[in-house]
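Notes follow once the structure below has been shown.
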2 protein chains.
Amino acid sequence: MANQLSQLDQVFAALADPTRRAIVMRLCAGEASVGELAEPFEMALPSFMKHIHVLETCGLLQSEKEGRVRTCRLSPEALLSAEDWFQHQRAIWEARLDRFEAYVMKLKKERAAAKRPSKTTEKTTNKPSKRKGA
Amino acid sequence: MANQLSQLDQVFAALADPTRRAIVMRLCAGEASVGELAEPFEMALPSFMKHIHVLETCGLLQSEKEGRVRTCRLSPEALLSAEDWFQHQRAIWEARLDRFEAYVMKLKKERAAAKRPSKTTEKTTNKPSKRKGA
DNA sequence: TAATTGGTTAGCCATGGAGCTAACTATAGG
DNA sequence: CCTATAGTTAGCTCCATGGCTAACCAATTA
């Protein structure tokens, strides 16, 4: 678990760099050699290789060398574990909002019960639009 | 759009730090003052404030000061946009896998058609277990 | 075998990020 | 008014990161 967190550090740090995100995006479309991957970037190969190595270290990328060409492919587990982090946070966040909303509803009801005849005209609580991947 | 990417840089960089991730996690459970947020960490306040500022700069956190206490809350848009990035990549990745699978199926069928009488007994393609939030 | 291609290693430099202390501002409470 | 509280500003280290060049393998290919 503590190890997990440290892996998250690495994955997020890796994805914080636009070059590396581009590599990941490229690899989502299929495997490629280092040369093919490097070609769109105006960067010396050794610099580029560092990015490859970072991605490989944090588990986002796998590669193997055949002859003199190294082929890279995405290894999705790390990507998925990072995505899971977001989903987990969002779950907590949304649960809290639901609880809060319930609380507000209860308050409203109580207040309405307290001064029965007068209608309490409050602004509608802005509930934050449920999202797709929920 | 180019601005969007730069925002992603910042968000991922922000989340690459365990302290900041912890802050975000804490704020998912509800708003808190700087002091409350800082309390679990063995870190000088100015250092901690930098983290707060980083989170605020990249749009993950909002804060306002009343009297001498600054209250922080999560502002979910940035978090969601980062999560969207993952979902987008995964969509592409999975689409490719599906295409690949279809391709393998086609190959199988063709091969089966070629040597009609013999049943080609191949191992099942290991399809990568559809995930929850799909 | 010689030259080219594809990648790798080594080492340098500049920048930025995470941490610290010290000193300061401003509100709250006595 | 005085003190304690809650943040803030300024300025300093240290080291990790991203980039470079130069030189170096090791497979292909001519």
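So you know, we letter chains A, B, ... as the sequences are listed, proteins then strands, and number each from 1.
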(request) Look at the side-chain N and O atoms of A:S47 and state whether any lies under 4.0 Å from the OP1 or OP2 oxygen of D:dG18. (result)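 Checking A:S47 against D:dG18: no side-chain N or O falls below 4.0 Å of OP1 or OP2.
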
(message) Is B:R68 close enough to D:dA4 that one of its side-chain N or O atoms is under 4.0 Å from OP1 or OP2 there?
(response) no

(request) Mark yes or no for whether B:R21, through its side chain, and B:L15, through its backbone, hold a donor-acceptor pair below 3.5 Å. (result) yes

(message) Would the distance check show the side chain of A:S47 and the main-chain N or O of A:M43 forming a donor-acceptor pair, the cut-off being under 3.5 Å?
(response) no

With the side chain of [X] defined as its heavy atoms from C-beta on, choose the nearest nucleotide among [options].
| X | options | answer |
| --- | --- | --- |
| A:M43 | D:dG19, D:dG7, C:dT8 | D:dG19 |
| A:D17 | C:dG7, D:dG18, C:dT21 | D:dG18 |
| A:L45 | C:dT21, C:dT8, D:dT8 | C:dT8 |
| B:S33 | D:dG7, D:dG18, C:dA18 | D:dG7 |
| B:P46 | C:dG7, D:dG19, C:dT21 | C:dT21 |

(request) By nearest nucleotide on DNA chain D, pick out whichever of A:H51 and A:G67 is the more 5' one. (result) A:H51

Interatomic distance, [X] [atom1] vs [N] [atom2] [rounded to whole Å]:
| X | N | atom1 | atom2 | answer |
| --- | --- | --- | --- | --- |
| B:R70 | C:dA26 | CZ | P | 14 Å |
| B:D9 | D:dG18 | CG | C1' | 13 Å |
| B:F48 | C:dG17 | CZ | C1' | 17 Å |
| B:R20 | C:dA18 | CZ | C1' | 8 Å |
| A:H53 | C:dT9 | NE2 | C1' | 12 Å |
| A:I52 | C:dG6 | CD1 | C1' | 13 Å |
| B:F41 | C:dA18 | CZ | P | 14 Å |
| B:E56 | D:dG7 | CD | C1' | 13 Å |

(message) Is it the case that the base of C:dG19 and the side chain of B:K50 share a donor-acceptor contact (distance under 3.5 Å, atom types as modelled)?
(response) yes

(message) Let's go through B:T71 and B:E64 carefully: what are the C-alpha distance in whole Å and the side-chain angles of both, what is the deciding distance for side-chain hydrogen bond (donor to acceptor under 3.5 Å, both in side chains) to 0.1 Å, and is it a yes or a no?
(response) CA-CA 6 Å; B:T71 302; B:E64 60 188 316; over 6 Å; no

(request) With rounding to the nearest 0.5 Å, note down the distance linking OG in A:S33 to CD in A:E66. (result) 11.5 Å

(message) To the nearest 0.5 Å, what is the distance between CG on A:L80 and CD on A:Q87?
(response) 9.0 Å

